[in-house]
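Chain letters run A, B, ... following the sequence lines, proteins first, then strands; residues in each count from 1. Source: prediction; values computed, not measured.
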Amino acid sequence: MFVSHLHDNRHQITAHLAKTMSFLTLSTAELEATLIKELNDNPALELVEELRCPNCGKRLYRLPCPTCAAPSADGSPVVYLSPREPRNYRSTEAENDEALDIRTPERLDEHILRQIGPALTRAERPLAAYLLARLDDDGLLPEAIPEVAAFNHVHPRDVERVLSLIQHADPPGVGAQTPQESLLIQLECLAEVTTPLMTKLARTIIQHHFEALGKMDYARIARQLRLPRESVEAAARFIQRNLTPYPARVFWGDGKHPVGNDGAALRDLDASISILNRAEGGPLMVEVFAPLSGWLRVQPEFKAALEECAEAEQETWGAAVERAALVAKCLQQRNHTMRRLMQIIAEEQRDFILGGDGDLRPLTRAKIAHTLGVHESTISRAVAGKAVALPDGRIVPLSKFFDRSLSVRDRVRHLVNEEKSPLTDDQIAAALGEQGLQVARRTVAKYRKMLGILPANVRSRQEIFRPRPVRS
DNA sequence: CTATGGCACGGATT
DNA sequence: AATCCGTGCCATAG
C-alpha cells in the first residue's frame with residue numbers, strides 16, 4: 001500500500017505537501033526494496049559509496065566501526081548503524097556459528113504449506129489455505145469436517161484428503177480435531193522409529209481410556225485392561241515424555257505468533273544486540289541495520305544542470321530533485337529514530353536481553369516517546385513489524401520489549417513447575433501477590449491457558465499434558 | 001461449594 | 001478511533 005501511495009503522488013509531491021515519508025513503518029528489508037526502486041526511478045538521487053573501517057575493513061554506514069571501537073565510558077549501551085547483512089543473519093566468525101544457531105521465525109501455516117504445497121492440486125489450494133487459517137494456537141482444527149465441506153462447497157472426501165496431508169506434515173499431530181486425535185497421530189509418527197511394544201499399549205490407552213489417562217487414574221485403566229499397574233504407568237510416562245496435545249507449541253513456544261502484529265514476516269532482522277567484546281558484564285552493543293551501505297544525496301551535477309535547462313523541463317526535474325532531497329532526509333531521520341529507540345530499549349531492558357522472559361520490565365511506547373520527545377505514533381511505527389537478534393541467538397519482535405504480562409506469565413510457569421501439589425488459580429494469584437504482583441484470579445487463568453497448562457483439578461503431581469519444554 | 005471458562009465491559013495503549 | 005488487556009460476573013462441571 002505504501003508503494004501505491006508513492007506512485008499516486010509521484011508527480012504532484014512537493015516539499016511543502018509532504019515533509020516526511022513513512023519510512024519508519026517499514027522493516028529494513030522492505031525499506032531496502034523501496035529505496036532501490038527510488039534510486040532506479042529518480043535520476044537526481046545518488047547513492048554515495050559506502051565507508052569502510054580503516055582498521056578491519058568492514059563495511060560501515062558511519063564511523064566508528066562497531067567491532068573496533070572502544071566502549072562508552074559510562075557503560076551505557078553503544079548503538080551503531082551498520083549495513084544490513086545480506087539475507088539471513090549469519091556471523092562471519094566461525095567460532096560464533098554455534099552460538100548463533102538462529103531458526104528463521106516462520107508462521108505455522110507457512111511452515112506447513114511449504115511441505116504440503118507440492119502435493120496439492122490447484123483446486124485444493126484454497127481449501128488448504130482455509131484449513132490452515134482455521135488452526136488454533138495449539139495447532140488443532142476445532143471445526144468439523146462436514147461443516148468445512150459445506151462452507152467451501154466441496155465434498156467431505158476432499159476435505160479429508162487435504163486434512164490428512166496437513167496431519168502428516170511436520171509438527172507431528174498438527175491439524176487434528178481433538179487433543180486425543182493429535183496424540184494418536186503423533187504416536188503413529190513415533191511408531192515408525194520406536195519399538196512397537198510401548199506404542200501399542202499407549203495407543204489403546206489413548207483411544208479407549210483417554211479420560212482416565214487425564215485424571216491419572218492408572219489403577220482403573222490397569223483393571224479394565226487386566227494389566228499390571230506398572231505397565232500402564234510406564235505407558236503413561238511414555239506418553240508424557242514423547243507426545244503433546246499442543247502440537248504447535250513445540251516450536252511456537254509461548255503461544256504468541258512469531259510475527260508482528262501487522263502480519264509481516266520477520267524473516268529479516270532490523271537490529272542485533274550483542275555484548276561488546278563478549279566480555280561478561282560488558283556494555284551492550286546494538287547494531288541497527290541500515291537498508292543500504294552508503295548514504296543518499298541529491299546528485300550535485302544534476303542540481304547544477306537544473307538551472308541551465310529549459311523552462312519546460314525545469315518543472316519535472318525540479319520535482320525530481322525535491323523528491324530526492326526528501327527521500328534522503330527521511331532516511332536519515334528514520335535511522336536517527338531507530339538508533340535512539342534501540343538505545344533506550346537496550347538500556348531499559350538490559351536484564352531481559354541478557355536474561356530471560358522473567359526479567360522483562362514494564363515499558364510502554366508512550367514512555368519512550370516522552371523521553372525522546374517525539375509523538376507516540378512515531379514509536380509505534382518504529383516498533384511495528386521489526387525484529388532484533390539477542391546475544392544468545394533469540395530473535396524477538398521489537399514489540400516483545402513492550403509486553404506487559406510476559407514476566408508475570410513466566411512467573412506463573414515457574415510456580416507451576418515448582419509446585420508440590422497442584423496450585424489452584426486462586427493460590428497462584430495469592431503467591432504472585434506475595435511477590436508484589438497483584439493479579440486477579442481470572443487473569444492467572446488466562447495466562448495458564450496461554451502457557452498450555454491445564455487446570456489444577458486435572459493436573460496432578462506429574463502433569464501429563466504440559467507441553468514439552470520448548471527450545472530455550 | 002469450589003474451581004474454571006465464557007462473555008463482555010472499561011480503561012489503557014497504540 | 002481502533003485495539004488490546006485485565007477483570008468482574010455468572011453459568012457450569014466436578
Taking [atom1] from [X] and [atom2] from [N], how many angstroms apart are they, rounded to a whole number?
X	N	atom1	atom2	value
D403(A)	dT14(B)	CG	P	11 Å
R409(A)	dG6(C)	CZ	P	8 Å
L454(A)	dG14(C)	CG	P	14 Å
D425(A)	dG6(B)	CG	C1'	14 Å
R441(A)	dT4(B)	CZ	C1'	6 Å

Please round to 10 degrees the angle between the axis of the first five pairs and the axis of the last five pairs in the helix from dC1(B)-dG14(C) to dT14(B)-dA1(C).
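That helix has its two terminal axes inclined by roughly 10°.
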Using every non-hydrogen atom in the two residues, find where [X] and [Y] come nearest and quote the distance to one decimal.
X	Y	answer
I353(A)	A346(A)	CD1-CA, 3.9 Å
E348(A)	K367(A)	OE2-NZ, 3.5 Å
A429(A)	V439(A)	CB-O, 3.7 Å
A431(A)	L415(A)	CB-CD1, 4.1 Å

Looking at [atom1] of [X] and [atom2] of [Y], how far apart are the two atoms once the value is rounded to the nearest 0.5 Å?
X	Y	atom1	atom2	result
R409(A)	D357(A)	CZ	CG	8.0 Å
F23(A)	L326(A)	CZ	CG	7.0 Å
L398(A)	I345(A)	CG	CD1	4.5 Å

So what does V383(A) touch, heavy atoms closer than 4.0 Å: a base, only the sugar-phosphate, or nothing?
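Result for V383(A) = nothing.
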Among [options], the nucleotide that comes nearest once only the side chain of [X] is considered:
X	options	value
T443(A)	dT14(B), dT7(C), dT4(B)	dT7(C)
A440(A)	dT14(B), dC9(C), dG8(C)	dG8(C)
T424(A)	dG6(C), dG5(B), dA3(B)	dA3(B)

Less than 4.0 angstrom between a side-chain N/O of [X] and OP1 or OP2 of [N], yes or no?
X	N	answer
K449(A)	dG6(B)	yes
S405(A)	dG6(C)	yes
Y447(A)	dC5(C)	no

Give a yes or no on whether a salt bridge exists between D410(A) and R413(A), defined as a side-chain N under 4.0 angstrom from a carboxylate O.
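Yes, D410(A) and R413(A) are salt-bridged.
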Using heavy atoms to find the nearest nucleotide of DNA chain B for R442(A) and D426(A) separately, return the residue whose nucleotide is more 5′.
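Its nearest nucleotide lies further toward 5', so the answer is D426(A).
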Using only modelled atom types and a 3.5 angstrom limit, is any donor from either the side chain of R448(A) or the base of dG5(B) paired with an acceptor on the other?
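It does not, because no donor-acceptor pair links the side chain of R448(A) to the base of dG5(B) below 3.5 Å.
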Generate the contact string for nucleotides 8-13 of chain B. Rules: B means base contact, S means sugar-phosphate contact only, - means no protein heavy atom under 4.0 Å.
B----S
Near R340(A) CZ, under 6.0 Å, is it more than 12 heavy atoms from other residues, nucleotides or ligands?
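More than 12 heavy atoms, drawn from other residues, nucleotides or ligands, come within 6.0 Å of this atom.
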